[in-house]
2 protein chains.
Amino acid sequence: MSSREPVSRRTRPAKAPLSRAAIVDAALRVLERDGGSKLTMRRVAAELDTGPASLYVYVRNTTGLHALLIDRLLASLDLAWDGAEPWRERLHRVLADYRGLLAERPEIARGALSVWPDGPNYLDLVELLLRLLAAAGVDQRAAAWAVDLLLQHVSAAAAEWAERAADAGQDLDDLSATLASADPRRHPVLASFDTALLTAGDPEIRDRWAVDVLIDGVLARSAPAGA
Amino acid sequence: MSSREPVSRRTRPAKAPLSRAAIVDAALRVLERDGGSKLTMRRVAAELDTGPASLYVYVRNTTGLHALLIDRLLASLDLAWDGAEPWRERLHRVLADYRGLLAERPEIARGALSVWPDGPNYLDLVELLLRLLAAAGVDQRAAAWAVDLLLQHVSAAAAEWAERAADAGQDLDDLSATLASADPRRHPVLASFDTALLTAGDPEIRDRWAVDVLIDGVLARSAPAGA
DNA sequence: ACCTGAACACCGTTCAAGT
DNA sequence: ACCTGAACACCGTTCAAGT
């Protein structure tokens, strides 16, 4: 308080040097402030007070930016397991956590489908999944493929959730109308169905069911334990 | 040959009136000619010799255009089943056909994840899936949810296939490098894994395994037959 | 050597104004 | 009443030119 230091013209601290880490930081800020649909090369560059061209020195393309960001988001996940919690419960919990992370950011969830996230936190997640599957007695080949299947399911489910939430009721009404228009002669089974089953249901319960289906299926399709 | 009729100034036949059907036709032409990444409102409009604004009279937005197109693509699928072929084989076949359809068009596959396709062919597909699941002894609730799960898996798998194919080896090399960088102290299970299992494997075999996992899981999580 | 301004080639969607 | 030109507000990526 005793002295006034000269202030730079901008409140923002002196332009930090560019780096992969600085870009991911900026991307995270943009994501939290403006939402996933605004997570573009141009906006991240603007956040760093530069032009979009500068990012291409550190990131191959938009997909690369997403891969980096997904790994960064993964950092907030609890990935510990001491073996006390039963493996199936632990698996449900980590997948639900991951789904929650992605469901708030639909564009990122879509990215997670086509990108192998690149970074240390992703490895931590894969490690936990492999440990849980090993505890379940799943053989190596099935475990490796199951990791892919589980993560793919979570990403797809998150993208679907988020998309539906964004569209609110509109699209669901379209679907209900389509289903209701089923001609009993052309679609006898469908017409005999309780269409509420197809479009409704508590997503939490549905998703827990889906994960149990995946787990049971993997167990059924794994070589006998110890093989 | 005996007489020459006057030709309109453009080779293209006189501008047909706009309609939902005309738009889907044009979209299909654009898709086949320019590929999925060029399937935009503007290009479809150009194909119809009009401005993009005109499409909005018939289609809510780009997502709506995709929903229409997916249903149209579904028309080429063989959806017959006389009960002779075992239900599990028939299920594998129709899902593989659908996956093949989408894998050639990654952008469409991504669309299929967030859109409920809208139209008669989609209903035919759902009808077949429900018939097959009923033949498998799956109860109504499980069947309804299984349809969602199976179609979601196929769309996600197709999107993944296509994306990987487009990126060629580049991203796969990145992933291998990331996996190889696993520190045995931090990721002991991962480090002990044959990393080839995680990144490689014949996609056909992997996907057949995945579908079997889903089927077996659904059977395990379905109420006893007839319930 | 490293970085980036400016340009290129696009997008989806809206709305005021036309026929 | 129906349709659409033109505009608005953006995109990703490249590359020649700057420091």
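Excluded from the calculations below are hydrogen atoms, water molecules and symmetry mates; all remaining heavy atoms, backbone and side chain alike, are included. Just so you know, these numbers come straight off a predicted model, no measurement behind them. Chain letters run A, B, ... following the sequence lines, proteins first and then strands; every chain starts at 1.
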A/Asn61 side-chain proximity, nearest of D/dT13, D/dT4, C/dC11:
D/dT13

Stepwise salt bridge (Lys or Arg N to Asp or Glu O under 4.0 Å) check, B/Arg141 with A/Asp194
CA-CA 9 Å; B/Arg141 198 198 64 159; A/Asp194 180 357; over 6 Å; no

Between A/Arg72 and A/Asp25, does at least one N-O distance fall below 4.0 Å, as a salt bridge requires?
yes

Output the single nucleotide from D/dG12, C/dT4, D/dT4 whose closest atom is nearest the side chain of A/Thr50.
C/dT4

Taking atom P of C/dG12 as reference, at what distance in whole Å does atom CG of B/Leu65 sit?
9 Å

So, does B/Thr40 get its side chain near the phosphate of C/dC10, meaning an N or O under 4.0 Å from OP1 or OP2?
no

Considering Watson-Crick and G-U wobble pairs with both distances under 3.5 Å, what does C/dC10 pair with?
none

Using atom OH of A/Tyr58 as one end and atom P of D/dT13 as the other, report the distance to the nearest whole Å.
18 Å

C/dT4, C/dT14, D/dC10: which one has an atom nearest the side-chain heavy atoms of A/Leu18?
C/dT4

Inter-nucleotide C1' distance (D/dC11, C/dA6), Å rounded:
16 Å

Nearest-angstrom distance from the residue atom OH of B/Tyr56 to P of C/dG12
6 Å

Using whole Å, report how far CZ of A/Arg43 lies from P of C/dC11.
21 Å

Using the C1' atoms only, state how far C/dC10 lies from D/dA9, rounded to an integer number of Å.
14 Å

In whole Å, what is the span from the CG atom of B/Leu48 to the P atom of D/dC2?
19 Å

Less than 4.0 angstrom between a side-chain N/O of B/Arg60 and OP1 or OP2 of C/dT13, yes or no?
no

Please determine if B/Arg105 and B/Glu32 form a salt bridge, counting it only when a charged side-chain N lies under 4.0 Å from a carboxylate O.
yes

Could you tell me the separation between the CG atom of A/Leu214 and the NE2 atom of B/His153, rounded to the nearest 0.5 Å?
9.5 Å

Measure CZ/B/Arg42 against P/D/dT4 and give the value in whole Å, please.
15 Å

Taking CG from A/Leu39 and C1' from D/dG12, how many angstroms apart are they, rounded to a whole number?
13 Å

Should D/dC15 form a Watson-Crick or G-U wobble pair with both distances under 3.5 Å, which nucleotide is its partner?
C/dG5

So does A/Val189 get a backbone contact from the side chain of B/Glu127, meaning a donor-acceptor N/O pair under 3.5 Å?
yes

Closest to the A/Val57 side chain, choosing from C/dC3, C/dC10, D/dT4
C/dC3

d(CG, B/Leu55; P, C/dT13) in whole Å:
11 Å

Pick the nucleotide of DNA chain C nearest each of B/Ala53 and B/Ser37; which residue has the one closer to the 5' end?
B/Ser37

Regarding the side chain of A/Met41, the nearest nucleotide among C/dT13, D/dG12, D/dC3 is D/dG12

For the atom pair CG (A/Leu65) and OH (A/Tyr58), what is the distance rounded to the nearest 0.5 Å?
14.5 Å

A/Ser54 side-chain N/O to C/dC3 phosphate OP1/OP2 under 4.0 Å
no

